[in-house]
Amino acid sequence: MPSADGIHLSAATATLAGRVVIPPLSLSLTERRIGIVGRNGSGKSTLLRLIGGLVAPSSGTVRVDGIDPSGDRRGLIARLGILFQNPDHQIIFPLVEEELAFGLRQRGLGRDGALAAARARLAAEGRAHWAAMPATSLSQGQRHFLCLLSVLMMEPATLLLDEPFAGLDLPTTARLRRALDAAPQRLVTVTHDPAMLASYDRAIWLEEGRVAGDGPPAAVLDAYAAAMEERARDADTHLAG
């Protein structure tokens, strides 16, 4: 039996619009830094949504620190945070301070205390002037950083990151990377950029929802890169013919 600590999938499947996106999949994710790579449509984002309880398994089980993520949303709050690729899919309040305070209120902090904590965190980040600003007035990179702060303030044990640097400029990417590198949480990161996983503890390569590679990043990422290069050559040959 797997331990309660960590993320455990046992023959878990995900079916979307009648199509099996994740066939029966069993994984135990206990390392501090875990990366997931794969082509578009390989099931990476669906796997994160399955772990995060946003998609219920069609069969099998998913447990996050012993909690059923699709059945115990309140219990999951302290265990898991999600950073989506598009911040506009995550921000729900008009003002920055309200967005930051929301998660704290979900964890039981009163409104005044949550707002005070939000303002203090912004001040610590050199962003005190953001507090009363509309979230829509921030740039995409700034909104992405706001979402990360919102998640970090809730102090979950694990962060799920879906392409955390997609579409961001280099300064914003560097700032977010520093914040994530310093985070004490377990990180489970979906990315198209294998280079960002070089220092991770484990890499998982998904193909059509199945594990094609799993282990130390150097070995898995080399195999993934070789397979993608081979596919590119095959595509070039087909086009030439």
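Residues: numbered from 1 along the sequence shown. The structure displayed is predicted, hence computed values, not measured ones.
Scanning all heavy atoms of the two residues, the minimum distance from M196 to T189 falls at CE-CG2, 3.9 Å. When all heavy atoms of R33 and Y200 are compared, the closest pair comes out as C-CD2, 3.5 Å. The shortest non-hydrogen separation linking H8 to T30 is CE1-CG2, 4.1 Å. In plain terms, the two heavy atoms of G43 and V21 that are nearest each other are CA-CG1, 4.1 Å. Residue L80 comes nearest to I51 through the heavy atom pair CD2-O, 3.6 Å, listed as atom of the first residue, atom of the second, then distance. Closest approach of A203 and P217 over heavy atoms only: CB-CA, 3.8 Å.
In terms of hydrophobic clustering, with Ile, Leu, Val, Met, Phe, Trp and Tyr side chains grouped at heavy-atom distances under 4.5 Å, L16 and I22 are assigned to a common cluster. Clustering ILVMFWY residues whenever any of their side-chain heavy atoms sit less than 4.5 angstrom apart, transitively, puts L29 in the very cluster that holds I36. A chain of hydrophobic side-chain contacts below 4.5 Å, direct or via other Ile, Leu, Val, Met, Phe, Trp or Tyr residues, connects L9 to V211.
In terms of modelled atom types and a separation under 3.5 Å, the side chain of H144 and the main chain of P164 share a donor-acceptor contact. Judged by distance alone, the side chain of S26 and the main-chain N or O of A11 form a donor-acceptor pair under 3.5 Å. With hydrogens and angles ignored, the 3.5 Å screen pairs a side-chain donor or acceptor of Q185 with a backbone N or O of P156. A distance-only check finds a donor-acceptor pair linking the side chain of D65 to the backbone of G6 [under 3.5 Å].
Residues L47 and L25 are in side-chain contact: their nearest non-hydrogen atoms beyond the backbone lie under 4.5 Å apart. By the 4.5 Å heavy-atom criterion applied to side chains, R79 and T158 are not counted as neighbours. L83 is not listed as a side-chain neighbour of L159, based on a closest heavy-atom distance of 4.5 Å or more. Inter-residue side-chain proximity for V151 and Q90 is flagged as met; some heavy-atom pair is nearer than 4.5 Å. When side chains are defined from C-beta on, R63 counts as touching D68, because their heavy atoms get closer than 4.5 Å. Residues F165 and L180 form a side-chain contact, since some pair of their non-hydrogen atoms from C-beta on lies under 4.5 Å apart. Contact annotation: the side chain of L138 never approaches that of F145 to less than 4.5 Å [non-hydrogen atoms, C-beta and beyond]. Using a 4.5 Å heavy-atom cutoff, the side chains of V96 and Q142 are not in contact.
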Please table the atom pairs, donor to acceptor, closer than 3.5 Å between any side-chain atom in residues 53-62 and protein atoms at least two apart or in another chain.
from	atom 1	to	atom 2	distance (Å)
S58	OG	T15	N	3.1
S58	OG	T15	OG1	3.1
S59	OG	T13	OG1	2.8

Return a table of donor-acceptor pairs under 3.5 angstrom between the side chains of residues 102-111 and protein atoms on other chains or two or more places apart.
from	atom 1	to	atom 2	distance (Å)
R107	NH1	M154	O	2.3

Validation: residues 115-123 side-chain donor-acceptor distances under 3.5 Å, sequence neighbours left out:
from	atom 1	to	atom 2	distance (Å)
R119	NE	E97	OE1	2.8
R119	NH2	E97	OE1	3.3
R119	NH2	E97	OE2	3.4
R121	NE	E125	OE2	3.4

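Tested against I204, the residues L27, V190, L197, V188 include a single side chain to side chain contact (heavy atoms under 4.5 Å, CB included) partner, L27.
We find the CG-CD1 distance between L160 and I7 to be 5.5 Å, quoted to the nearest 0.5 Å. Rounded to the nearest 0.5 Å, atoms CG (L95) and OG1 (T136) are 9.0 Å apart. Between the CG atom in L149 and the CD atom in E99 there is a gap of 11.0 Å [rounded to 0.5 Å].
Counting only residues at least two apart or in different chains, salt bridge (Lys or Arg N to Asp or Glu O under 4.0 Å) contacts with residues 197-210 comprise E31-R202, R39-E207, R202-D214, E207-R231.
In this structure, L170 places its CG atom where only 12 or fewer heavy-atom neighbours from other residues, nucleotides or ligands lie under 6.0 Å away.
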(request) Could you please spell out the steps behind the side chain to side chain contact (heavy atoms under 4.5 Å, CB included) verdict for I82 and D162? (result) CA-CA 8 Å; I82 305 176; D162 190 359; over 6 Å; no
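With sequence neighbours left out, D88 forms a salt bridge (Lys or Arg N to Asp or Glu O under 4.0 Å) with R143. Among residues two or more places apart in sequence or in another chain, the side chain to side chain donor-acceptor pair (under 3.5 Å) test is passed with N40 by H192.
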